[in-house]
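First comes the structure, then the notes that go with it.
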Amino acid sequence: MPKQGMAADRRSRDEPMNSEVDVVVVGAGFAGLYTLHRLRRAGFSAVVLERADDVGGTWYWNRYPGARCDIESLDYSYSFDPELEKEWRWSERYATQPEILRYLGHVADRYDLRRDIRFETRIESATWDGAARRWRIRTDRGDEIRCRFYVMATGCLSVPKTPDVPGYGRFEGDVYFTGRWPHDGVDFTGKRVAVIGTGSSGIQSIPLIAEQAVQLTVFQRTPNFTRPAHNGPVTSTKKVAYERDRAAYREAARWSLAGVPSERSLVRALSVAPEERRAAYEAGYASGDLLAFSAAFADVGSNPEANETLCEFLREKIRSIVRDPETADALTPKNHYYGTKRPCLDTNYYETFNRPNVRLVDVRRDPIKTITEHGIDTASRSYGFDALVFATGFDALTGPIVAVDIRGREGRSLAEKWMDGPKTYLGLMTTGFPNFFMITGPGSPSVLSNMVVSIEQHVDWIAACLERMRAERLDVVEPTSVAEAGWVQHVNDCADITLFPTADSWYMGANVPGKPRVFLPYVGGVDRYRKTCDDVVRRAYLGLAFDGPGGARCADGVVNRLQLDVWTVLDLVTEFGLPRIETLSVPDARATFAAMAIGRPPGPEVGDVADGTLPGAAGPIAYRRYRPASPGPHPIVVYFHGGGWVLGDLESDDPFCRDLCCRSDAIVVSVEYRLAPEARFPAAVDDGFAAVRWIAANADRLGGVPGKLALCGWSAGGNIAAVICQMARAAGGPAIVGQVLVTPATDPDFTRASYVENGEGYILTTPMMKWFWDHYADPADRTQPKAAPLRARDLAGLPPALVVTCEFDPLRDEGAAYAEALAAAGVDTRHLPCRGQIHTSVPAVDVILSARGARAEIAAALRRFLGTTLGHAEQRRARPAVAAVPVGTG
Ligand code: NAP
C-alpha cells in the first residue's frame, strides 16, 4: 500500500501534538477522508486522528477472506468530484476489500490528505471547555489538541463486540476476528477450523475458508437470509445509466430510498397474484441486488404476511441448494422476518455446506458449553480445532462513539447520557455537547443506506453549518432539548411501523448483552432524511441554538411531526394532483371520493358480511352487517361513515368496519343514511336515529345481544353518532352503552386554531369543510345541537365516550372541545389525541400503520362499553401495509 506522507507523519508522530485547529476529526475511513477534504476546501484547519497506520476505516480492518462490499461499487464510491469519478474504474460489480482500500488510498493521495492525518493515534478523551468554547482532545500519544469543533467519523461498525462465548480466551490455537484480520492473510491449509457467526462476515468468509481448511465447522446461532451476489463485471444497465449522465445518476441516488437510484414501489405484495409475486422475487433473486426486494413491493418491510411470502420463497431456494435436508433445515431462517436482520449477498454460501469437509453446528439445538484449550465443547460433544474464527459482529452505531470518554457541558459524559439508548438530533448532534458532530450517527439513515451517500450528505451539511457560523460570527451550536426529543420520537415512530423491532438484531442493539433495546438507525429513507436536513436549514436552522460574538439565536421546534406513513400518503396525494373537492359538482366529488378507494387494502377477513335494508326516517335505507368469526351472539356497534354528509356509502369505510369488527369482536352494522344536498339536515341524523332504534329492536335477528349496543362514527359519521346519543337520551331510548367519535364534526366554528393551522395540506381542508356544511345545513340550522352537538345546553347523562382527535386535522379542536364538554358534564369520557395524524388516518386500515394504536384503543373502548373480553381476532391483527423500508449496507 503506498503511503505518501507517511514518512512525515512518522517523523512527527512521537512528538506530542500541542496545538489548536478548527476541527478535530476522528477516523480516516470514507467519512473522515471526505470530512477533511471538505473542511479544507471551506478554509478550516483540521486534523484527523486515526488508530490504524493507514487510511481505510472499515476497509482497513476487515481483511478476512471474501470481504467485499455488497452495494455495487459504482454506487459505493464518492460523488463529490467528477474528476475522481472519471479517473477511477472498478474492476468488478462488487469490489473486494483490497480494491476498496486501494481506492481510499488513491483518494488520500489525490487530495493530499495524509499530511493532516495523525495515524496510530487513539483518542482517549474529548472534553468541552465551556469558558474557552473549545474541545480539548487527548490521545494515547500524549497529544492535547484544542479545537472549536469535534467530529466523530468513526463508522457504525468499527468496534468488534467481545465474544460472549463461555471459555473465551482459553483456546491455545490460532484465534482470528473477521473485524481485525491479519494484514498478511492467513493460510488455513491442512487446518481444522471453526467459524462462529453467520452474519455478513461469516457468510462471506466461510466459502473461502472451506476451500483451504481440511475441515471447517460452522457454529451457527441464527441462520441469516442470504442469496447469490452474482458478482462479475459492472452490470451494463447500471453502467450505461451512470455513464450517460453521472451527475443525474448521483442526484437520483441522493434522493432515493436507500442511496442507490431506484423507484419506490407502491405495489403491495399481497395485492398481486402469487405468480406475479413469485416472478418479482425471482427477478430480485437473479439480480444479485441487495435492495431488489425492498424495491419490488412496498410492504415487505412492514407487513408480516407480505414478508412471509418472501421468506418462504427464499427458504425454498435454500432447500433447493443444500443437499442434506437436516442441514438445509438448520440453515433456514425461521425466527425473523426478511430484512429485520441485515440480509447478505454471498458467493457459494449454501453450496459450501454440500462439501464433505464442512459441517454445521446449530448452537440453538446443541449449545456451546465452553471453548476449551483445544476446541469447543457443545452440550452433546467435543470438537477439536487448530484455529477459531470469530465472526461475531460489532457493538454497532453507538459503540464507536461511547468508546471515547466524551464530556460535554458541566462535564456530563455522553455514555451516561445514552445509557438508555442514543438521543440525537438528526443523528448529527446531541444536546449538551456543543460543537460536536457525528457522521452517520444513530438516528440517521446510516446502516440502512448506501453509506457513502449518507456520509457525503452529513459532511456537506456540517461544513455548510460551520461556514454559516463563520459568516455570522457564531462560535457555539447545539441542538435544543425540544428538537432532540422530537427527533428521537420521530425515529422511534418510524421504526414502530416496520417489522424491524421484532428481531434480535444489531440494529436493535440486541447482539450486545446489556445494551438497551432501541432501534438505532433512521428508517424514513435517505430522500426524506435529506429533505428533513434541508428543511432544518431552510427554517433558520430549526432546533439549533447558536451563540457567539454575532449574537444568540435559536429557532426552536420539532422538524418532522407527521407520522412517516402519513407523510408518504400526503406525498402521493400531491403527486397524483387530485382535484379539490370543493371545486367539483357533487356527482364529480362523489366519483373522486370513490376513486380514492380503488386499490386500497381491503381490510381483514371477518366471519361474514351481509347487506340488507332497514326502515329509515323517510323510507328504506341500506345497511351492511359484519359478523366476527367467533361464535355469537355478539354485542352490536352501529357505525356511521364519514364524507361530510355529502359523500360516502357502505363501501367507503368498509375496511375500517372490518377492522372494528375483528378488533372489538362485535357485530358492526354500517348504516347508509341519506346524503346532502339531496336530503339536507336533519335527514342524516333522523335516518341514523331510526336505524339505531330498528337495530336495537332487532338485535336478535342480526345475531346480536339485546341491550348491548354502542355507536361509532368517523368525521360526519362521528357527528351523527354524537347527535343520536343526544336524541336517544331525549327520547328515553334505545339504550346506548357507549359512543366512539372519531375526529367528529361537532361545531361549525371555522375560527378555531385547528382550522387555521391545518386548513390546507392535510387532505381535509377548511374550504372543503365549509363546502360540506353548506351542502348539509342552512346557517340557521347549524347552531342547533342536532347539527352541532357541542352546542347542546346539557351533556349530562350521555353514554360513556371515547373521542379521537388528530393533530393535523382542521376538526381537531372541536373534537377536543366536545370531549372536554362531555367530561365537564360528568360523562365518563376519554380523549385520545393522535400525534402526527391527519383527519383520514384512523379509518385508513393497513395504509396508515401508525394509526394502528388508535384503532386498537377504539376497539378496547368498545369492548369496555360492551363488556366483552379480548377476541382472538384482535391478536391476529398484527401490522400490515404500506411503508417502504430500505435494507442497506453497513
Ligand atoms: P453480525 O451480522 O452481527 O453477525 C454476527 C454473527 O455472530 C451472528 O450470526 C450472531 O448470531 C453470531 N454470534 C454473535 N455472538 C454469538 C455467540 N455468543 N454465540 C454464537 N453466535 C454468536 O456481524 P458481521 O457478520 O460482522 O456483520 C455486521 C455488519 O457489518 C453486517 O450486518 C453488515 O452491515 C456489515 N458488513 C457488511 C459487509 C458488506 O458486504 N458490505 C460485510 C461484512 C459486514 P445471532 O444472529 O444469533 O446474534
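Just so you know, ligand 1 is whichever comes first in the structure, and atom 1 is the first atom listed for that ligand.
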So how far is it from Glu456 CD to Ser79 OG, rounded to the nearest 0.5 Å?
-> 3.5 Å
Measure the CD1-OG1 distance between Ile206 and Thr198 for me, rounded to the nearest 0.5 Å.
->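 Separation between the atoms: 6.5 Å.
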[X] N/O to ligand 1 N/O under 3.5 Å:
{"X": "Thr178", "result": "no"}
{"X": "Trp59", "result": "no"}
{"X": "Ala391", "result": "yes"}
{"X": "Lys161", "result": "yes"}
{"X": "Tyr64", "result": "no"}

In ligand 1, which numbered atoms sit nearer than 4.0 Å to a non-hydrogen atom of [X]?
{"X": "Arg68", "answer": "39 (C), 40 (O), 41 (N)"}
{"X": "Gly199", "answer": "2 (O), 4 (O), 6 (C), 8 (C), 9 (O), 25 (O)"}
{"X": "Thr222", "answer": "45 (P), 46 (O), 47 (O)"}
{"X": "Arg364", "answer": "47 (O)"}

Tell me which part of [X] gets within contact of ligand 1: side chain, backbone, both or neither, using heavy atoms under 4.0 Å.
{"X": "His336", "answer": "neither"}
{"X": "Gln204", "answer": "side chain"}
{"X": "Leu157", "answer": "side chain"}

Which of Trp61, Phe390, Tyr64 passes ring pair (Phe, Tyr, Trp, His ring centres under 6.0 Å) with Phe177? It is Phe390
For His458 and Phe437, what are the C-alpha separation, side-chain angles and deciding distance, and is it a ring-ring contact (aromatic ring centres under 6.0 Å, His included)?
-> CA-CA 9 Å; His458 263 189; Phe437 295 94; 9.6 Å; no
Tell me whether [X] reaches ligand 1 (any heavy atom closer than 4.0 angstrom to a ligand atom).
{"X": "Gln97", "answer": "no"}
{"X": "Val165", "answer": "yes"}
{"X": "Lys341", "answer": "yes"}
{"X": "Val447", "answer": "no"}
{"X": "Phe219", "answer": "no"}

Output side-chain donor-acceptor pairs under 3.5 Å for residues 156-168, partner residues at least two apart or in another chain, one line each.
residue	atom	partner	partner atom	Å
Ser158	OG	Thr154	O	2.6
Lys161	NZ	Asp164	OD1	3.1
Lys161	NZ	Asn511	O	2.8

Taking the six-membered ring for Trp, is the centroid-to-centroid distance between Tyr383 and Phe219 below 6.0 Å?
-> yes
Would a line drawn from the ring center of Phe171 to the ring center of His374 be shorter than 6.0 Å?
-> no
Inspect the contact between Glu72 and Lys239 and indicate whether a charged nitrogen and a carboxylate oxygen are less than 4.0 angstrom apart.
->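 Salt bridge flag = no for Glu72 with Lys239.
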Under a 4.0 Å N-O cut-off, is there an ion pair linking Arg530 with Asp460?
-> no
With Glu85, which of Tyr249, Tyr78, Tyr242 fulfils side chain to side chain contact (heavy atoms under 4.5 Å, CB included)?
->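 In the set Tyr249, Tyr78, Tyr242, the residue that makes a side chain to side chain contact (heavy atoms under 4.5 Å, CB included) with Glu85 is Tyr242.
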Will you find, in the side chains of Asn348 and Thr352, an N or O donor that is under 3.5 Å from an N or O acceptor?
->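 Distance-only check fails for Asn348 and Thr352.
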